[in-house]
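Please see the structure below; I have some questions.
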Protein chains: 2
Amino acid sequence: MAHRVTINDVAARSGVAISSVSSALNGRPGVSEATREKILAAAEELGFVPSVRGRSLAGKKTFSVGLVVHRDPDVLELDPFFGGFIGGIESYIDERGFALVLQTSPGASEILERYRRLAAGRRVDGVFLNELEVDDARVPTVQDLGLPAVGIGADDAFPLPSVRQDHRPGIDALVEHLTELGHTHFAFVGGPPRFVHSRQRELAWRESLTARGITPGPVVDGGFTYEGGIAAANALLANRTRPTAVICANDLSAMGFIAQAQHHGFDVPGDLSVAGYDGIQLGSYLRPTLTTIQTSPNQIGFEAARLLLQAIDGEPTVDVNVPAAELVIRHSTGPVPSSN
Amino acid sequence: MAHRVTINDVAARSGVAISSVSSALNGRPGVSEATREKILAAAEELGFVPSVRGRSLAGKKTFSVGLVVHRDPDVLELDPFFGGFIGGIESYIDERGFALVLQTSPGASEILERYRRLAAGRRVDGVFLNELEVDDARVPTVQDLGLPAVGIGADDAFPLPSVRQDHRPGIDALVEHLTELGHTHFAFVGGPPRFVHSRQRELAWRESLTARGITPGPVVDGGFTYEGGIAAANALLANRTRPTAVICANDLSAMGFIAQAQHHGFDVPGDLSVAGYDGIQLGSYLRPTLTTIQTSPNQIGFEAARLLLQAIDGEPTVDVNVPAAELVIRHSTGPVPSSN
DNA sequence: GAACCTAACCGAAACGTTTCGGTAAACAAG
DNA sequence: CTTGTTTACCGAAACGTTTCGGTTAGGTTC
């Protein structure tokens, strides 16, 4: 295997000191235009690529950022968020020479330990905090460690830089859509209440209804899963005074809900309108196709990466709001059934 | 921010040289049991965590491995393979202090460049080569670079260490299942032929049929996508001599196929049996639930990681075959329709 | 008790960068 | 011509480990 070309080789080749090579390559002042070009030429000829190892030791940076995804059984398989999110992160950090270090955590209990380990060995320069929980334990942890971090979808009082996508306009538009179709009996299939975004979505639903003078109906936890959607359908459709419009906190639970509703003999949207949240591609493949609220994981990832790199560089950051999630009307919602 | 505790602090605290600390912590000989314990205690008290930066420079290793996933629009979102695969990788490398560096590549053309970059800065110690293509350009690339690599699902003649999961038993069982149901007209919805696994699955289908004296029917490219499955259904069901049993190279195209078949008024499995390949969780949520062949991405990831770390350590490797993918009979396959 | 061996431990170099203080040269100001 | 200032460049330290040759102390052997 060919000897790796180092900064010394470039220095020797261009007849200058390595410090000058470093300055030239990093666009720092203190080197004349003539020698800069000479150095760049030498580096080019030798095919010099700076060693991430060397520069991370010297520069106190690892040039990588971390993301911990808690993998219950198959989050990565079924959670559509991560794909786009990771893609968005990549598209920003790549050009800046950063890499994404991904860790999976088997259970909620290990997740803190994962962050600790990433931070302790200074394996990453910063981390993303996704799926924030209420009073999330990761926040004090990264603060203690002095590890730059960016929160995703945080509440207003969040103490770290964060990226948000407003859910209220989408949910409000959805509620408006449904009320225009005549619906007055609304239910909500939420996510686990420990998650901030579970609460946010439910709150938006509640506020949107009360603002229209409609009393919010029952709320059940669908756990963001298909099975949770099934259970929610069982719970909500047993009563005689069942809702005619059901809004689910994510698409997956909406899918389970619809399937189970159909299993019980209900027609969607004939007897019952159901909507999801996320906008996963699969929603357009279902029968009926899924009315949902389209989020922008890609954009969120991009902005989060931008913020995180700013924070790492010690620059001040200002929280960003990506354009609000938008309502996508498809065929799982329709007119309220005539009360017969 | 508290001063980072280094190996020097541990050495000072336990009154020995840093070299002894290094030896003690890495379980190397040359240090008595007594001092080893003293050192371990000191390290524990100080909360010492070796800096990945330092050790990677000195040890000529970065303690990370790379995976490039080509992200067309939303591979990560819809391709169920990666979730389990990444999980499997993690569960092995984590304990060994390795991390996974994930890169996404917008298009097929950039993917080589991505591997080059990972290798050039020696950002990773080795890479996984997934979704192998026929005459894959990555193979000579990593060989030139001297970068350890492990192939996933390679053909027999593959020149690098590799992990395989035999598809033949599953496909053969599926064909047997269908022939027992009376089917004799088989079609295949394949993947892009440039992928090794596309060819493998089609070949297995072909061999299984001919072994039973059945002439393989038409083959169309479903591109591993939902839309491809739709197109395949349009192509295969237009003819009057349509197949009664369709095997798709993955679940997603099978889903598209079924949806479109239903759209054309066919009952699945009444008029037509359709099976997929992969075993994604979603398959059990469909109506009808999807007969498929269950693969083990998690196990493949685990074994691939094991092999890769062996290769990185310069140990000899022996290719591994994880247990073959297994047939899962659900409700998208049924008796051949009585020829009326 | 001299000669030898071995285990335990130490010191310093090495890895490939960045950074910083310093020096020499060129130039301007007086 | 002296003094001061700037610019270009150099040399060496620093980052936190691993590794390796060397030294010491303790124990064997004869």
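Here is how names work: the chains are called A, B, and so on, in the same order as the sequence lines, proteins then strands, and each is numbered from 1. Atoms considered below: every heavy atom in the structure, side chains included; atoms not considered: hydrogens, waters and symmetry mates. As the structure is a computational prediction, the values presented were derived from the model and not from experiment.
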Nearest-Å distance for atom pair CG/P, residues B:Asp313 and D:dT18: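 To the nearest whole Å, that distance equals 15 Å.
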
Run the side-chain donor-acceptor check on residues 95-103 of chain B: report pairs under 3.5 Å with partners two or more places apart or on a different chain.
unit_1	atom_1	unit_2	atom_2	d
B:Arg96	NE	B:Tyr92	OH	3.3
B:Arg96	NH1	B:Tyr92	O	3.0
B:Gln103	OE1	B:Arg114	NE	3.2

Nucleotides 10-12 of chain C: which of its N/O atoms have a protein N/O under 3.5 Å away?
unit_1	atom_1	unit_2	atom_2	d
C:dC10	OP2	B:Ala17	N	2.7
C:dC10	OP2	B:Ser20	OG	3.1
C:dG11	N7	B:Ser19	OG	3.4
C:dG11	O6	B:Ser19	OG	2.8

Pairs flagged by ring pair (Phe, Tyr, Trp, His ring centres under 6.0 Å) wherever residues 12-37 of chain A is involved - sequence neighbours left out: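 Residue pairs passing ring pair (Phe, Tyr, Trp, His ring centres under 6.0 Å), neighbours aside: none found.
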
Any residue of residues 28-41 of chain B with a heavy atom less than 4.0 Å from an atom of DNA chain C: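 B:Gly30, B:Val31, B:Ser32, B:Thr35 - these, ordered by number, are the residues of the stretch whose heavy atoms sit under 4.0 Å from the strand.
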
Whole angstrom value for the distance that separates P of C:dA14 from CZ of A:Arg4: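 Distance check: A:Arg4 CZ to C:dA14 P gives 19 Å.
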
Side chains of A:Val142 and A:Val127 in contact at under 4.5 Å (non-hydrogen atoms):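 When only atoms from C-beta onward are counted, A:Val127 and A:Val142 do touch, with a gap below 4.5 Å.
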
Those residues of residues 49-62 of chain B lying under 4.0 Å from DNA chain C by at least one heavy atom: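 DNA chain C contact set from residues 49-62 of chain B: B:Leu57, B:Ala58, B:Lys60.
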
B:Asn26 side-chain N/O to D:dT18 phosphate OP1/OP2 under 4.0 Å: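 Answer is yes, contact under 4.0 Å.
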
Sidechain-backbone polar pair: B:Asp136 side chain, B:Leu132 backbone, donor-acceptor under 3.5 Å: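 Not a single qualifying donor-acceptor pair exists.
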
Aromatic ring pairing B:His197/B:Phe195, orientation class (parallel under 30°, perpendicular over 60°, tilted between):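 Tilted.
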
Euclidean distance, atom CD1 of residue A:Ile7 to atom P of C:dT19 [Å, nearest integer]: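 For the pair A:Ile7 CD1 and C:dT19 P, the rounded distance is 11 Å.
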
Between the first and last five pairs of the helix from C:dG1-D:dC30 to C:dG30-D:dC1, the angle of the axes, rounded to 10 degrees: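 For the helix from C:dG1-D:dC30 to C:dG30-D:dC1, the axes at opposite ends meet at about 50°.
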
Distance-minimising heavy-atom pair for B:Pro159 and B:Gln143: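 So the two residues come closest at CB-NE2, 3.9 Å.
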
Sugar-phosphate only, base, or nothing, as touched by B:Phe63 at under 4.0 Å among non-hydrogen atoms: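 Nothing: the residue B:Phe63, judged by heavy atoms under 4.0 Å, touches no strand.
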
Pairwise side-chain contact, B:Phe48 with B:Leu25, heavy-atom cut-off 4.5 Å (strictly under):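 Touching, per the 4.5 Å side-chain cut-off.
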
Euclidean distance, atom CG of residue A:Asn8 to atom P of C:dC15 [Å, nearest integer]: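 Rounded to whole Å, this separation is 9 Å.
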
